[in-house]
> 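Attaching a single structure in structure tokens format; questions to follow.
What's counted below: heavy atoms across the whole structure, side chains too, no hydrogens, waters or symmetry copies.
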Amino acid sequence: CVAIMQGQANRERVILRTSLAPSLPDIVADLRSIRQILLNLISNAVKFTPSAGQIIVSTVYTEGGEVLLRVRDTGMGMSDEDISSALEPYRQTQSTRAQKTGTGIGLPLTKALTEANRASFSIESKLDSGTLVQITFPSTRVLAE
């Protein structure tokens with residue numbers, strides 16, 4: 001997914017990199033859904049990160065046996081109100097409307113796909129400070145090594 005989105009990031013002059021855990025166990029999830037989740041998250045990050053900004057796609061295997069998939073950016077960020085709006089289908093945040101791009105279904109679809117794979121979805125963001133989206137696969141969805 002990072003390789004697919006690299007061209008778009010390059011065109012927007014945004015640095016896209018990874019920080020992947022060296023050994024990550026397999027998870028029980030639908031591969032197509034996970035790809036779509038990542039493509040949506042990286043696409044949003046590229047869209048809302050200004051030139052010279054950064055996006056980091058990372059994975060973590062926690063001591064509690066969870067697998068975390070994270071997309072962090074240094075973009076424009078969102079207020080709590082913006083996050084609530086962005087998670088409602090066909091609604092857009094003020095900043096999204098200003099750019100007049102998208103349909104407003106990316107994040108709601110991403111959240112739904114995450115939950116369909118029995119994982120949890122969270123967003124941490126601050127205006128002008130970027131956004132962190134985290135998908136958490138509980139230990140019950142992680143296959144022992």
Side-chain angles (χ1 to χ4, degrees), residues 1-22 24-62 64-142:
C1 293
V2 171
I4 289 169
M5 297 304 300
Q6 190 65 60
Q8 182 180 345
N10 291 346
R11 282 189 297 282
E12 299 297 325
R13 294 186 169 88
V14 173
I15 298 165
L16 175 57
R17 60 191 185 101
T18 60
S19 177
L20 305 176
L24 204 60
D26 289 337
I27 58 172
V28 178
D30 176 61
L31 182 58
R32 280 182 36 199
S33 294
I34 302 307
R35 282 186 181 134
Q36 189 63 57
I37 288 167
L38 271 170
L39 290 172
N40 288 355
L41 294 177
I42 297 169
S43 176
N44 276 354
V46 169
K47 189 183 307 182
F48 297 109
T49 299
S51 293
Q54 265 192 82
I55 300 164
I56 302 169
V57 178
S58 62
T59 57
V60 177
Y61 185 39
T62 69
E66 298 173 318
V67 170
L68 312 179
L69 174 59
R70 296 176 173 158
V71 177
R72 178 185 303 270
D73 67 60
T74 60
M76 61 177 49
M78 295 183 283
S79 67
D80 290 342
E81 185 179 304
D82 285 341
I83 292 170
S84 294
S85 290
L87 289 172
E88 292 181 37
Y90 306 108
R91 296 259 333 253
Q92 297 177 331
T93 66
Q94 291 289 6
S95 55
T96 305
R97 283 193 293 274
Q99 289 200 3
K100 297 185 185 205
T101 59
T103 59
I105 60 171
L107 280 179
L109 174 62
T110 301
K111 184 175 188 283
L113 288 171
T114 298
E115 292 170 352
N117 280 281
R118 297 189 186 142
S120 63
F121 178 92
S122 66
I123 299 177
E124 293 176 23
S125 190
K126 277 190 174 177
L127 287 172
D128 301 319
S129 296
T131 301
L132 167 66
V133 179
Q134 179 170 288
I135 310 299
T136 304
F137 293 92
S139 58
T140 55
R141 304 299 287 173
V142 177

> Is there a side-chain contact (heavy atoms from CB on, under 4.5 Å) between M78 and I123 once you walk through the steps?
CA-CA 10 Å; M78 295 183 283; I123 299 177; 4.0 Å; yes

> Return the CG to CD distance between L109 and Q36, rounded to the nearest 0.5 Å.
6.0 Å

> Measuring from atom OG of S129 to atom CG of D73, what distance do you get when rounded to the nearest 0.5 angstrom?
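Rounded to the nearest 0.5 Å, the OG-CG separation comes to 10.5 Å.
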
> Mind listing the closest non-hydrogen atom pair of N40 and G106 along with its distance?
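Looking at all heavy atoms of both residues, the shortest contact is ND2-O, 3.6 Å.
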
> If every non-hydrogen atom of A45 is compared with every non-hydrogen atom of V71, which pair is closest and at what distance?
CB-CG1, 4.2 Å

> Which heavy atom of L107 sits nearest a heavy atom of A86, and at what distance?
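Taking every non-hydrogen atom into account, CB-O, 3.6 Å.
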
> Could you give the distance from OG1 (T110) to CG (L41), rounded to the nearest 0.5 Å?
5.0 Å

> Within the supplied structure, the quantity of interest is the number of heavy atoms (other residues, nucleotides, ligands) at a distance under 6.0 Å from E124 CD; does it exceed 12?
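Counting neighbours around CD of E124, 12 or fewer heavy atoms of other residues, nucleotides or ligands fall under 6.0 Å, so no.
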
> List, one per line, each side-chain donor-acceptor pair under 3.5 Å for residues 12-22, sequence neighbours excluded.
from : atom 1 : to  : atom 2 : distance (Å)
R17  : NE     : Q54 : OE1    : 2.6
R17  : NH2    : Q54 : OE1    : 3.2

> For S125 and G130, work out which heavy atoms get closest and say how close.
OG-O, 3.0 Å

> For residues P50 and G75, report the shortest heavy-atom separation together with the two atoms involved.
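Answer, listing the atom of P50 first, then G75: CD-CA, 3.9 Å.
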
> In Å and rounded to the nearest 0.5 Å, what is the CG to CD distance from N117 to E115?
10.5 Å

> How many angstroms lie between atom CZ of F121 and atom CD1 of I37, to the nearest 0.5 angstrom?
8.5 Å

> Roughly how far, to the nearest 0.5 Å, is the CD atom of E66 from the CD1 atom of I27?
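With rounding to 0.5 Å, CD1 (I27) is 12.0 Å from CD (E66).
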
> Please determine whether side-chain contact (heavy atoms from CB on, under 4.5 Å) holds for the pair T131 and I83, giving the CA-CA distance in whole Å, both sets of side-chain angles, and the decisive distance to 0.1 Å.
CA-CA 10 Å; T131 301; I83 292 170; over 6 Å; no

> Do M5 and S43 touch side chain to side chain, with heavy atoms closer than 4.5 Å?
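Yes; the side chains approach each other to less than 4.5 Å.
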
> Any side-chain heavy atom of I135 sitting closer than 4.5 Å to one from L38?
no

> Can you tell if the side chain of R35 reaches within under 4.5 Å of the side chain of I4, non-hydrogen atoms only?
no

> Might you point out which heavy atoms bring V142 and P25 nearest each other, and give the distance in Å?
CG1-CG, 3.4 Å

> For Q134, is there any backbone N or O sitting under 3.5 Å from a side-chain donor or acceptor partner on R70?
no

